[in-house]
2 protein chains.
Amino acid sequence: MLSGGKSQSMKGIRQLAEHLDISIGTVSRALNGKPDVNEETRKRVLAAAEELGYVANQSGRSLRQGTTNVIGLMIESSKETIEDSDNFFLGLTSGLQSVLARHKLDLIMLPCPTDEDPYEYLKRMVARRVVDAMIISATQRVDKRIDLLSKAKIPFVSLGRSQSSGNSPWIDLDFDGVANSAVDRLVAHGHRRIAIAAPSSDINLGYIFLDGYRSALERHGIAYDPSLVIRVKTSEQGGYQAGHELLQIDNRPTAVILIYELMAIGLYRRLTEAGVIPGRDLAVIGFREEPRAKFLQPALTCFRMSLHDLGVELAQTLLATMPAYSHFYPDSERNMIWPLKLIPGESDSFHLLAAQ
Amino acid sequence: MLSGGKSQSMKGIRQLAEHLDISIGTVSRALNGKPDVNEETRKRVLAAAEELGYVANQSGRSLRQGTTNVIGLMIESSKETIEDSDNFFLGLTSGLQSVLARHKLDLIMLPCPTDEDPYEYLKRMVARRVVDAMIISATQRVDKRIDLLSKAKIPFVSLGRSQSSGNSPWIDLDFDGVANSAVDRLVAHGHRRIAIAAPSSDINLGYIFLDGYRSALERHGIAYDPSLVIRVKTSEQGGYQAGHELLQIDNRPTAVILIYELMAIGLYRRLTEAGVIPGRDLAVIGFREEPRAKFLQPALTCFRMSLHDLGVELAQTLLATMPAYSHFYPDSERNMIWPLKLIPGESDSFHLLAAQ
DNA sequence: CATAGGATCGTAAACGTTTACGGGACGCGT
DNA sequence: ACGCGTCCCGTAAACGTTTACGATCCTATG
């Protein structure tokens with residue numbers, strides 16, 4: 001046949017094989033780096049595949065070997081977590097992909113529709129066998145998704161620990177540590193009435209954060225005052241709202257800890273409206289990398305981390321639980337508390353002791 | 001056999017079939033709503049499937065019918081567009097999914113790694129046949145991806161028109177209209193020196209936006225002054241930068257048009273630092289839904305849109321080009337300019353004429 | 001009663017790939 | 001000459017599903 005067209009429509013491995021006058025089995029082995037194939041012919045095969053633009057059909061491959069080479073990152077836009085912005089996930093994917101790419105694994109994001117139950121959504125995706133493994137975020141305090149994945153024996157790692165996590169792998173931000181050092185720092189500056197803004201404690205991070213706050217107060221011999229705990233959403237609006245409620249507390253606190261930096265923007269605005277100057281009349285400490293808060297004035301004292309690095313760690317933790325890849329990451333921790341770094345600003349720099 | 005366990009491990013349609021003592025073909029037809037199956041047995045099948053938690057293996061299904069029932073949304077984090085920040089994509093998916101769900105189509109997001117060429121990435125995904133159709137964003141002024149998809153006969157719609165789009169479907173924001181009415185409005189307030197901040201014109205939206213700006217000036221008999229065009233990134237930093245450059249233009253402009261609302265936050269900050277009050281000393285008009293800009297003071301005059309609705313429209317436009325679904329959307333436009341609504345604020349409310 | 005035809009179902013091929021298995025060619029040592 | 005091992009390759013089965021086709025049963029009609 002003379003129609004050995006250049007970039008003709010490439011149907012499948014079969015066409016590629018007869019174009020090369022080689023059996024289809026050999027072509028497959030050549031492409032997949034299997035042994036038992038002459039180095040000479042392997043080169044020919046690879047060249048031809050490149051030229052004709054052949055890429056293996058994913059369905060056929062998955063069907064045969066029961067694996068998809070795809071890792072799923074489930075995302076949802078819940079307004080109670082600090083993980084629901086495009087920036088957060090795009091930051092993560094960068095780190096995730098840098099690891100996954102080494103193993104020829106692809107990452108896809110699975111956005112759970114707002115009107116669907118996350119559990120049911122995940123169930124569907126898992127049953128369809130569209131991913132080999134999962135990364136879940138916005139972990140709830142009790143999270144059925146974890147049981148589901150465990151039972152289905154789908155490798156996974158959750159961003160955020162949960163009561164449901166038995167010995168399942170997770171990475172969680174160091175809410176406890178952050179709450180503690182925030183309190184420590186404020187107390188060292190002379191503050192005794194320290195408010196805190198956190199989301200509803202259905203979300204585990206809210207729970208842990210608050211727990212760290214309470215234990216830190218106790219450590220300093222400061223009585224826990226429930227009226228200083230402000231329940232708001234972790235958004236800019238939430239910060240505005242927090243500022244509003246803060247101003248109405250009698251015997252106003254002299255400092256406030258925010259669970260999410262983004263809230264600081266709203267908080268500043270509300271305070272400024274009321275003539276209260278952040279950093280002079282009220283100390284503020286924030287939390288988590290948030291580029292949008294970068295320009296605040298006075299500069300926010302906060303805890304930061306690298307989303308990219310977190311992504312890297314997540315990927316490694318996940319792969320370590322997958323038999324086919326675990327040997328690459330022999331001493332990866334199954335659970336991990338992700339540290340954050342204090343970035344001193346001026347929002348909490350005034351000393352009450354000196355001022356009084 | 002007595003081991004008709006409840007939620008035993010469900011291997012496939014075969015197990016389901018012999019559990020029901022029905023042929024595997026009938027089960028398949030029953031599940032897929034095909035005719036030629038007794039309504040009675042269909043119910044039995046559906047019930048059993050539900051009970052045993054059977055969901056069709058996606059690979060087998062895709063392989064057979066050459067379709068995946070998955071729509072891909074390609075995303076990348078380029079810092080030059082207005083589509084890569086905050087919750088743009090999460091906002092879109094909400095609308096997209098509300099339409100796709102009706103047809104039992106799933107949406108996945110395909111994040112292009114930052115170190116990979118978007119074109120190559122897309123090519124890989126397409127060749128693998130992992131999606132039936134594509135939605136691409138951050139369209140470039142010339143965009144090879146469009147040729148690729150056209151040639152591969154993969155249905156797609158692009159958010160943003162391009163020189164490369166022949167008669168391929170797209171939806172684009174009404175940059176032209178926005179630029180025109182922004183200029184109109186400012187001119188009506190007496191402004192003659194109107195600056196504009198936009199990204200590099202490799203990005204098509206920058207080009208179109210600027211074009212609208214120029215033609216509007218011309219319409220009003222105002223000479224186009226290149227020194228009033230500020231090239232910055234479409235971020236908060238970009239806005240800050242824009243403010244900075246703006247202050248250094250001699251014979252300072254009295255108004256500025258921003259291509260992206262988020263920039264307003266940075267701009268306000270820079271202006272305030274310099275003692276220039278937005279809305280009094282400089283008129284500002286922004287563009288695009290951006291919740292973070294909601295609290296700016298003075299309130300930003302801007303153009304807004306619903307991301308959800310845009311997602312709906314994108315999905316419909318896409319489905320209209322897919323033979324299997326086109327009859328659902330008979331009179332869907334192939335190309336569309338997405339209108340934005342002017343939300344008057346106070347950032348441009350002062351009249352130069354009155355002031356002088 | 002014969003037959004047509006509709007309703008319902010079973011059978012088997014096909015989708016594209018990977019991989020276990022076996023076979024041929026060749027080299028080497030005995 | 002024979003046996004054995006190595007290297008390379010072809011053959012065919014298998015993955016789970018859908019669907020074209022044909023078979024069976026039942027009913028209505030002539």
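Chain identifiers are assigned alphabetically (A, B, ...) following the order of the sequence lines, protein sequences preceding nucleic acid strands; residue numbering begins at 1 within each chain.
- Comparing B/K34 and B/L63 by the nucleotide of DNA chain D that holds the closest heavy atom to each, the one mapping nearer the 5' end is B/L63.
- Put simply, the side chain of A/L100 reaches to within 4.5 Å of the side chain of A/L319, judged on heavy atoms.
- Between B/I22 and A/R64, it is B/I22 whose nearest contact on DNA chain C lies nearer the 5' terminus.
- Contact annotation for B/T41: backbone-only contact, meaning every heavy-atom pair under 4.0 Å involves sugar-phosphate atoms and none involves a base.
- Contact annotation: B/S23 reaches the phosphate of C/dG10 (side-chain N/O to OP1 or OP2, under 4.0 Å).
- Counting only distance, with no hydrogens or angles, the side chain of A/Q58 and the backbone of A/T68 share a donor-acceptor pair below 3.5 Å.
- The side-chain heavy atoms of A/L310 and A/I171, taken from C-beta on, include a pair separated by under 4.5 Å.
- Counting only distance, with no hydrogens or angles, the side chain of B/T317 and the backbone of B/E313 share a donor-acceptor pair below 3.5 Å.
- Here C/dT11 presents its P atom at 14 Å from CD1 of B/I13, a figure rounded to the nearest Å.
- Residue contacts for A/D36: at a heavy-atom cut-off of 4.0 Å it reaches a base atom on one of the strands shown.
- When DNA chain D is scanned 5' to 3' for any atom under 4.0 Å from a heavy atom of chain A, the first and last hits are D/dC8 to D/dG16.
- Rounded to whole Å, the distance from CD on B/E39 to C1' on C/dC9 is 15 Å.
- When B/V126, B/D132, B/L148 are each tested for a side chain to side chain contact (heavy atoms under 4.5 Å, CB included) with B/I154, only one passes: B/V126.
- Residues B/F88 and B/H308 keep their aromatic ring centres 6.0 Å or farther apart.
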